[in-house]
Amino acid sequence: MRRMLVVESVSACLRGDGHVAGNLAVEGYAMLTALLDDLSQVDGWQFTTILHNSGACVVPDNVVVLHATESDAMSQFERILAEVDAAWIVAPEIDGQLLELTQLAESAGCTLYSPDSSFVAVASDKTMTANRLQSQGIRMPIGERLDTIDTSQFLYPAVLKVNHGAGSLDMRRIEAESDLPPQSEWHRFRLEELLLGSPASVSFACGACGPVLIGTSNQNFEGLFAYTGGSVPLPPALAERATRLARLAMNAMPTTFGYVGVDLMLGDDASSDVVLEINPRLTTSYLGHRAARDENLAQFVIDVADGVDRITPKVAREVAFDCDGKISTR
């Protein structure tokens with residue numbers, strides 16, 4: 001029987017993340033709970049996870065749980081990597097965390113069932129992703145890293161994003177140049193045009209033969225940037241538009257493995273649809289996709305990564321989901 005380490009970095013307190021509050025922690029525990037539940041039903045594997053607060057995550061009995069503190073979580077992570085055959089890593093892109101953990105897994109010789117470091121390095125850098133996709137003629141918001149532009153000439157209102165960020169952390173609307181952070185912090189941020197429309201996401205399982213569609217979802221926000229969940233699937237016409245654009249984005253990226261989400265802003269018609277970013281990891285949309293289908297999505301992702309010929313799993317029901325894992329049938 002093969003062994004796989006399945007880790008969500010906030011839940012495991014890797015890099016001292018036990019203090020993280022807000023949606024990153026809520027979504028992290030919800031995603032890990034759902035993923036472990038699906039994986040526990042996959043034959044031929046023994047799964048191990050690391051938890052800082054075991055009470056916040058319901059773990060199936062056949063999943064091995066290692067309990068971690070802020071001081072020993074990383075050492076446990078590296079020790080287990082040396083003992084398992086494979087790893088599935090979920091972590092925010094903040095400050096290169098996902099890239100670092102992925103590189104450690106690769107160095108340990110693990111087979112990855114989440115995106116590899118070459119993909120993560122591009123996708124976790126919003127400016128690098130934008131430049132790569134725009135060079136292929138794919139529409140993205142106009143923007144640049146804040147420390148590389150003349151901010152007096154930018155069109156306001158605009159959106160400020162952390163260039164290596166996740167979960168809308170520190171994202172905010174900028175009404176005028178005077179609202180920008182201190183210049184000493186500009187290297188951390190990307191300034192983009194403010195786009196309004198219908199936020200959407202497209203999820204893929206990736207393998208050597210390319211990305212296989214999982215499905216589409218809409219995204220709900222409180223205000224402009226506080227993500228609260230979404231619903232699965234998009235209406236057919238919007239789903240077709242979103243899928244077409246997301247496929248173009250994925251084709252412009254390096255080949256990779258595992259679950260990837262593409263975030264979009266859908267406009268009045270296809271000509272105004274825009275790719276916002278590419279998430280090189282499991283996203284909260286997984287909660288909705290698994291609830292809307294009768295197939296085991298974790299098995300689906302593993303199969304695609306292993307080169308098994310699979311087709312998009314059918315939607316059995318329409319669902320809405322919150323970022324804390326609550327599901328309701330629409």
Can a donor-acceptor pair be found between the side chains of Asp72 and Thr69 at a distance below 3.5 Å?
->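 Yes - a donor-acceptor pair under 3.5 Å links their side chains.
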Would you say that more than 12 heavy atoms from the other residues, nucleotides or ligands in this model lie under 6.0 Å from the [atom1] of [X], or not?
{"X": "Ile142", "atom1": "CD1", "value": "no"}
{"X": "Asp150", "atom1": "CG", "value": "yes"}
{"X": "Asp309", "atom1": "CG", "value": "no"}
{"X": "Asp95", "atom1": "CG", "value": "no"}

Hey, is [X] close enough to [Y] for a salt bridge, meaning N to O under 4.0 Å?
{"X": "Arg317", "Y": "Asp294", "result": "yes"}
{"X": "Asp37", "Y": "Arg290", "result": "yes"}
{"X": "Arg310", "Y": "Glu295", "result": "yes"}

Think Arg281 forms a cation-pi with Tyr286, using NZ or CZ under 6.0 Å from the six-ring centre and within 45 degrees of its axis?
->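 Not satisfied by the 6.0 Å and 45° rule.
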Please tell me whether [X] and [Y] are part of a single hydrophobic cluster in this structure, the criterion being side-chain heavy atoms less than 4.5 Å apart.
{"X": "Met4", "Y": "Leu35", "answer": "yes"}
{"X": "Val122", "Y": "Leu101", "answer": "no"}
{"X": "Leu104", "Y": "Phe119", "answer": "no"}

In Å and rounded to the nearest 0.5 Å, what is the [atom1] to [atom2] distance from [X] to [Y]?
{"X": "Leu66", "Y": "Arg79", "atom1": "CG", "atom2": "CZ", "value": "6.0 Å"}
{"X": "Leu191", "Y": "Thr148", "atom1": "CG", "atom2": "OG1", "value": "9.5 Å"}
{"X": "Arg247", "Y": "Leu245", "atom1": "CZ", "atom2": "CG", "value": "12.0 Å"}
{"X": "Thr151", "Y": "Glu177", "atom1": "OG1", "atom2": "CD", "value": "3.5 Å"}

Verify salt bridge (Lys or Arg N to Asp or Glu O under 4.0 Å) between Arg3 and Asp85, making sure each step is shown before the conclusion.
-> CA-CA 5 Å; Arg3 295 184 61 192; Asp85 305 293; over 6 Å; no
For the pair Glu318 and Thr329, evaluate side-chain hydrogen bond (donor to acceptor under 3.5 Å, both in side chains) and give the outcome as yes or no after the intermediate values.
-> CA-CA 6 Å; Glu318 297 182 357; Thr329 303; over 6 Å; no
[X] side-chain N/O to [Y] backbone N/O, donor-acceptor pair under 3.5 Å:
{"X": "Asn218", "Y": "Ser198", "result": "no"}
{"X": "Lys126", "Y": "Glu277", "result": "no"}
{"X": "Asp170", "Y": "Val162", "result": "no"}
{"X": "Arg173", "Y": "Leu160", "result": "no"}

Any side-chain heavy-atom pair from [X] and [Y] closer than 4.5 angstrom?
{"X": "Trp186", "Y": "Leu180", "value": "yes"}
{"X": "Val64", "Y": "Thr49", "value": "no"}
{"X": "Thr256", "Y": "Cys206", "value": "yes"}
{"X": "Leu213", "Y": "Val202", "value": "yes"}

Ring centres under 6.0 angstrom apart (Trp88, Phe257) |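 No, too far apart.
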Would you sort out whether Thr284 and Glu27 count as a side-chain hydrogen bond (donor to acceptor under 3.5 Å, both in side chains), showing the intermediate values?
-> CA-CA 6 Å; Thr284 310; Glu27 293 179 50; 2.4 Å; yes
Under the side-chain hydrogen bond (donor to acceptor under 3.5 Å, both in side chains) criterion, do Ser114 and Tyr259 qualify, and how do the steps go?
-> CA-CA 6 Å; Ser114 52; Tyr259 187 104; over 6 Å; no
Show your reasoning for whether side-chain hydrogen bond (donor to acceptor under 3.5 Å, both in side chains) applies to Gln299 and Asp38.
-> CA-CA 8 Å; Gln299 179 75 72; Asp38 287 348; over 6 Å; no
Working for side-chain contact (heavy atoms from CB on, under 4.5 Å), residues Phe204 and Val262 | CA-CA 8 Å; Phe204 294 96; Val262 182; 4.1 Å; yes
